[in-house]
Structures are given as C-alpha cells and as structure tokens.
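Presented below is the structure to which this report refers.
Fair warning: this is a prediction, and the values are worked out from it, not measured in the lab.
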Amino acid sequence: MTDDTQRPLDGSRTAPAVPAAEPTGAPRRNILMLMTDQHRVDTLGCYGSTTCRTPNLDALAATGTRFDSWFTPSAICTPARASLFTGAAPFRHKLLANHERNVGYIEDLPEDQWTLPEELRAQGYQCGLVGKWHVGEERTAADFGFDAEHYPGWHNPVDHPDYVRWLEENGHPPYRITERIRGRFPNGEVGNLMAARLQQPVEATFEHYLADRTIEMLTRYARDGEESDVPFFVVSSFSGPHLPYVVPDEYFDLYDPADVELPRSVAEDFADKPPVQQNYSRHWAFDTMTEAESRTLIAAYWGYVTMIDREFGRILRAVEELGLAETTAIAFSSDHGEFTGSHRLHDKGPAMYDDIYRTGGILHVPGAPAQVRDEFVSLLDLTATFLDLAGLETAPAVDSRSLLPLVRGEDVEWDDHVLCEFHGHHFPIAQRMLRGRRYKLIVSPESRNELYDLQEDPDELHNRYDDPRLSGVRQEMLADLYSRLQARGDNFYHWMSSMYEVGHLDHDPTMSGLDEVTYRG
C-alpha cells in the first residue's frame with residue numbers, strides 16, 4: 001500500500017490520502033476497548049477504593065497490566081477522544097473543545113487527518129463503535145471507518161430511536177427521572193442537573209442497552225471471523241459516570257451517603273489559585289448545595305460506577321462465551337476524570353488537578369504477565385498500542401508510544417514526566433501542565449501559575465509557585481516544559497520566551513526572521 005492510496009470506507013466517500021502503517025509480520029489480535037467518561041480513578045477497587053465496588057474491572061486488572069500513572073492528554077471529552085483515535089496531541093489535531101462549549105475552535109478533524117479506525121479497516125479489520133462518539137460535530141464514527149449507530153452529544157441520548165425501539169421490544173418503561181439534585185447559579189437561576197433517581201429498572205437503562213448492542217456486535221464479528229479469519233477492533237463507549245448521575249433505585253441507594261467522606265480538598269479556599277477556579281466553583285454552584293447533598297452526589301456517583309462495572313461484566317463474559325478470550329486484547333480507560341466535589345468543583349475544566357488528569361488504565365493481553373507498572377503513560381499511547389496489536393508499525397501515531405513492551409514485562413526506558421494540555425471549556429483559557437513524580441507545574445498565562453509538591457501535598461491545596469524554597473524546582477521545570485513544547489512544535493512556548501528563565505534563546509521570539517543574528521550570535 002502506498003501513501004497516496006485512497007481507501008474506500010463505504011459507498012458515499014473515500015478516506016483522504018495519509019501515510020499508511022506498515023505490517024510487522026506479528027500476529028494480529030482482536031481488540032476490545034471498554035471506555036467510560038469522566039471516571040475517577042479512586043472509584044476502582046484495583047486502584048485502592050475500599051468502598052466503591054468494581055469487581056469486573058478489578059478482575060480484568062488482576063489478569064493484565066494495571067498502569068498506576070496513567071493520564072489523559074486533555075481533561076475534556078472531545079480533544080481526549082480525538083487524541084485516542086489519531087495518536088496526536090490536542091494542539092496537533094486541533095480539535096480542542098467540546099462542541100457544546102466551543103469558544104471558536106474547529107469542530108471536526110481535518111479531512112487529511114490520519115485516524116486509527118480508518119487504518120485498521122484498510123488493513124482488513126472489522127471496526128465497530130457502540131455508544132458515545134463525541135469526536136466532532138458533523139463527521140460521525142461511521143465517517144472514520146467504524147460500523148456505528150450515531151449517538152449525538154455528550155450524554156446518554158435517551159430519545160434515540162434505536163434505544164426507544166429497544167425499550168418497546170423488551171417491554172421496558174420509558175426514561176423518567178425524579179428527585180433531581182441541583183444547585184443555583186450566581187444569577188439566581190436554577191443550576192445544572194447534578195443527579196436524579198431514574199424510574200426504570202436496571203435492565204432498561206441506556207447502559208444495559210449499550211452492553212446488549214456491544215455483545216451483539218461481538219457475536220457478529222466472532223461469527224464473521226470464524227468464516228473469514230478477519231480480526232476486529234471494537235470500542236464500547238459509555239457516557240457514564242459523567243454527570244448528571246441518573247441511576248435507578250438499586251444503584252442510587254447502593255451506597256449510604258452517611259458513609260461518604262468528603263474529599264480532603266473540599267477545604268480549598270482558592271486564595272493562591274488562578275481566579276478562574278473560584279469562578280468555576282460558582283458556575284457549578286458548589287456552595288449553594290448542602291453537605292448532605294454533596295454526600296448524596298458522591299454516593300450516587302459511586303452507584304453509577306458500580307452499575308457500569310456490572311455491564312462491563314456482561315461484555316467480558318460474552319468474550320469468554322464466544323471463545324474470544326485467547327485471541328482478544330482488552331483495554332479499559334476513561335477520557336478523563338471528574339471533580340465530584342474535590343476542590344469545591346464539579347465536572348472538569350480549567351483546573352489541572354490529578355482528580356481529572358490521572359485516570360485508570362488497564363490492558364489485558366493474553367499470555368502477558370499480570371503486573372502493575374508505574375511509568376508515566378497516556379490515553380494517547382493506546383493508539384500506537386492498538387497498531388502494535390494489529391501487527392502494524394506505529395509511525396502515523398506521532399505522539400503515541402506502544403505500551404506492549406511494558407505489558408510484556410520488559411525493562412524499558414520511559415519518560416519521567418507527562419505533559420498535558422487545556423484549551424478551554426466553559427471558560428476560554430489555555431494551560432499546560434508538566435507532571436513528575438513529586439512536583440507538578442501548571443502554566444496559566446492569563447493569571448497565576450501553580451507548583452505542587454505532591455509528596456507533601458497530595459491533595460494539591462497549597463500552591464508553592466512563589467515559595468523561594470522551591471525556586472530551583474520551579475526554574476528547572478519551567479525550562480523543561482519550555483524545551484518540551486518547543487521540541488514538539490506546540491506554540492504555547494513562544495510567549496514563555498519573554499516571561500521566564502527558560503535558557504538561552506536561539507531564535508527571534510517575534511518570529512519575524514528580521515534579526516536572527518542577535519539570538520544566534
């Protein structure tokens with residue numbers, strides 16, 4: 001296959017010409033990805049939760065590789081998901097915000113953007129996506145090579161014709177909610193819906209429906225694979241546990257709010273933080289809700305997590321029953337985390353705390369050892385990993401690195417920091433984060449930078465950026481971030497040239513080309 005090959009996806013369009021991945025000769029595996037949205041890592045039993053129950057994901061982790069330092073490239077749905085399917089950092093693919101909160105960025109991937117599903121389909125894979133897409137507004141999952149029903153928006157589209165038909169066929173009642181929990185906006189209006197009791201049985205939930213459709217797709221692909229030896233790539237993408245936490249009685253009441261401990265960072269006073277954080281807290285009306293309501297929200301969130309784990313268990317059992325267990329690699333992760341009251345915030349947004357940037361990441365590959373790895377890895381790395389599992393070279397995934405050497409238990413040199421981005425959500429600001437083992441630096445050009453000592457302050461309550469005792473750490477991390485941004489071509493570094501001690505400038509920061517000799521002399 002040449003780089004200018006036009007690859008048909010269906011009868012209506014052809015994919016743009018992009019560099020093709022090259023076969024490596026390695027055996028090709030089936031690939032199943034289980035994906036959640038806005039999922040806190042501390043709700044998973046395999047990551048230490050002693051209250052919230054996730055037995056099926058725990059069992060997956062016990063037989064595979066659990067990554068303890070797994071991060072999202074951007075804690076916003078659309079840019080993170082676009083990075084997963086392109087292997088490109090958000091600044092590079094340029095799909096930087098959710099459509100619903102877009103402040104002027106592009107709303108669909110460029111036509112010439114290389115994507116993973118198009119590549120895998122071109123290489124003979126059956127590709128299917130069930131559930132949330134949210135990677136652009138006009139172009140759907142089917143436009144990128146997936147067999148997929150289109151589910152618009154960021155949430156469960158409970159009025160979707162296929163879901164409504166499924167409810168009717170199975171004799172289930174329609175969607176209806178009661179006992180809404182919400183705060184009040186600063187202007188006095190009723191605030192965002194945070195949680196509600198769903199008046200449906202578990203078997204009628206949108207999550208149960210998605211699991212049904214995933215199992216149907218796996219069954220069809222397994223049958224086709226037996227007949228033609230064609231592997232599959234399936235993404236089962238759930239909108240939960242993203243707020244609002246709308247769950248039926250069994251899971252709304254599963255955890256007693258009286259047993260909920262509020263996060264320690266609820267002590268946040270925003271005194272030494274970027275002002276946007278306090279504005280964001282007001283937007284989510286945190287202080288207009290009672291402590292009892294906050295506990296109920298967390299309990300409902302835990303219930304939502306456990307309910308989704310139940311549906312993942314159904315999918316994983318289907319993999320076994322279909323005889324796919326020995327040929328299928330299974331990945332689990334989320335696009336990002338969720339505040340759920342941490343730092344007096346909800347949702348995600350302009351605050352680069354670990355609550356929303358560090359997520360769960362599990363990869364089970366048949367034959368690989370069960371283990372825990374602590375290297376800094378990213379949702380971005382799944383792109384190259386999936387290509388590797390398909391027996392393909394990973395060159396098109398420019399910001400992605402295959403995790404398979406780690407999964408095989410090899411001793412591999414790896415980056416000792418992770419770099420993350422934010423480009424705006426609700427509030428149009430840009431930030432960059434460099435996160436190491438002990439220290440985290442966040443640069444916010446519009447207001448105040450942040451520096452945290454995660455060893456002394458794991459809840460990130462005390463901003464040490466101006467602390468003279470950490471001046472050496474601050475300067476070293478600023479220079480490191482600058483050089484990383486410059487090397488990858490992220491123009492965020494340009495304005496840093498004049499603001500911080502980032503090392504000798506070897507270029508004219510005005511980028512005019514009129515006086516390079518001054519800087520290179």
Side-chain angles (χ1 to χ4, degrees), residues 19-36 57 60-61 63-73 80-89 92-93 114-125 127-129 135 144-146 231-237 319 324 327-335 359-415 418-419:
E22 294 295 331
T24 64
R28 306 198 299 174
R29 292 191 179 272
N30 297 319
I31 304 166
L32 169 64
M33 180 168 187
L34 304 176
M35 190 169 190
T36 52
L57 288 174
L60 184 68
T63 60
T65 299
R66 187 189 82 211
F67 291 93
D68 267 4
S69 298
W70 182 289
F71 287 78
T72 182
R81 290 166 183 268
S83 286
L84 169 65
F85 293 126
T86 63
R92 203 183 306 279
H93 63 61
W114 178 93
T115 68
L116 175 69
E118 287 176 294
E119 185 65 59
L120 291 179
R121 183 171 286 276
Q123 299 288 355
Y125 267 71
C127 297
L129 183 141
V135 184
F144 292 92
F146 279 120
F232 63 74
F233 170 53
V234 170
V235 180
S236 185
S237 178
V319 171
L324 299 170
T327 58
T328 303
I330 302 172
F332 161 77
S333 191
S334 175
D335 53 3
T359 67
I362 301 168
L363 189 56
H364 168 87
V365 177
Q371 60 178 332
V372 177
R373 302 292 302 224
D374 200 33
E375 287 86 354
F376 280 113
V377 299
S378 168
L379 182 70
L380 257 170
D381 293 322
L382 281 180
T383 319
T385 304
F386 292 157
L387 286 172
D388 203 353
L389 286 165
L392 301 172
E393 296 287 355
T394 59
V398 293
D399 297 304
S400 183
R401 183 178 181 185
S402 175
L403 300 174
L404 287 194
L406 301 179
V407 170
R408 290 192 292 262
E410 298 173 12
D411 185 12
V412 184
E413 286 192 14
W414 212 265
D415 199 341
V418 65
L419 175 59

Name all residues meeting the side chain to side chain contact (heavy atoms under 4.5 Å, CB included) criterion together with [X]; count only those two or more places apart in sequence or in a different chain, and write none if there are none.
X      : answer
Ser83  : Pro73, Pro90, His93, Leu380
Pro405 : Ser402, Arg408, Glu410, Val412
Ser334 : Thr36, His39

Donor-acceptor pair, side chain of [X] and main chain of [Y], under 3.5 angstrom:
X      : Y      : value
Thr327 : Asn30  : no
Ser400 : Ala384 : yes
Ser333 : Gly360 : yes
His364 : Thr63  : yes

Legend entry - Full working for side-chain contact (heavy atoms from CB on, under 4.5 Å) between Thr359 and Leu379: CA-CA 9 Å; Thr359 67; Leu379 182 70; over 6 Å; no
For the atom pair [atom1] ([X]) and [atom2] ([Y]), what is the distance rounded to the nearest 0.5 Å?
X      : Y      : atom1 : atom2 : value
Leu403 : Thr385 : CG    : OG1   : 3.5 Å
Leu129 : Phe144 : CG    : CZ    : 12.0 Å
Leu116 : Leu84  : CG    : CG    : 7.0 Å
Leu389 : Ile31  : CG    : CD1   : 5.0 Å
Leu406 : Asp411 : CG    : CG    : 9.5 Å
Thr383 : Asp388 : OG1   : CG    : 12.0 Å

Which atom names give the shortest non-hydrogen contact between [X] and [Y], and what distance separates them?
X      : Y      : value
Gly145 : Cys127 : O-CB, 3.6 Å
Phe233 : Tyr125 : N-CD2, 3.8 Å
Pro231 : Arg28  : CD-NH2, 3.6 Å
Leu324 : Thr328 : O-OG1, 2.8 Å
Asp381 : Arg401 : OD1-N, 3.0 Å
Leu382 : Ala331 : CD2-CB, 4.4 Å

Legend entry - For Ile362, the option from Thr65, Leu34, Leu60 that meets side chain to side chain contact (heavy atoms under 4.5 Å, CB included):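 Single side chain to side chain contact (heavy atoms under 4.5 Å, CB included) partner of Ile362 among Thr65, Leu34, Leu60: Leu60.
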Legend entry - Residues in ring-ring contact (aromatic ring centres under 6.0 Å, His included) contact with Phe85, at least two apart in sequence or another chain: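 With neighbours one apart ignored, the set is Trp133, Phe146.
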Inset, instruction - Only counting residues at least two apart or in another chain, list the ones meeting salt bridge (charged side-chain N to carboxylate O under 4.0 Å, His left out) with Arg373. - result: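 Glu375.
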Legend entry - For Arg66, salt bridge (charged side-chain N to carboxylate O under 4.0 Å, His left out) partners two or more places apart: Asp68
Inset, instruction - Flag the pair Val418 / Trp70 as yes when at least one side-chain heavy-atom distance between them is below 4.5 Å, and no otherwise. - result: no
Legend entry - Flag side-chain contact, heavy atom, 4.5 Å: Val135 against Thr86: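 Result no, sub-4.5 Å side-chain heavy-atom pair not found.
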Tell me, please, which residues at least two apart from [X] pass side-chain hydrogen bond (donor to acceptor under 3.5 Å, both in side chains).
X      : value
Ser69  : Asp374, Arg437
Arg29  : none
Ser237 : Arg81
Glu413 : none

Legend entry - Intermediate values then yes/no, side-chain contact (heavy atoms from CB on, under 4.5 Å), Trp114 and Val398: CA-CA 10 Å; Trp114 178 93; Val398 293; over 6 Å; no
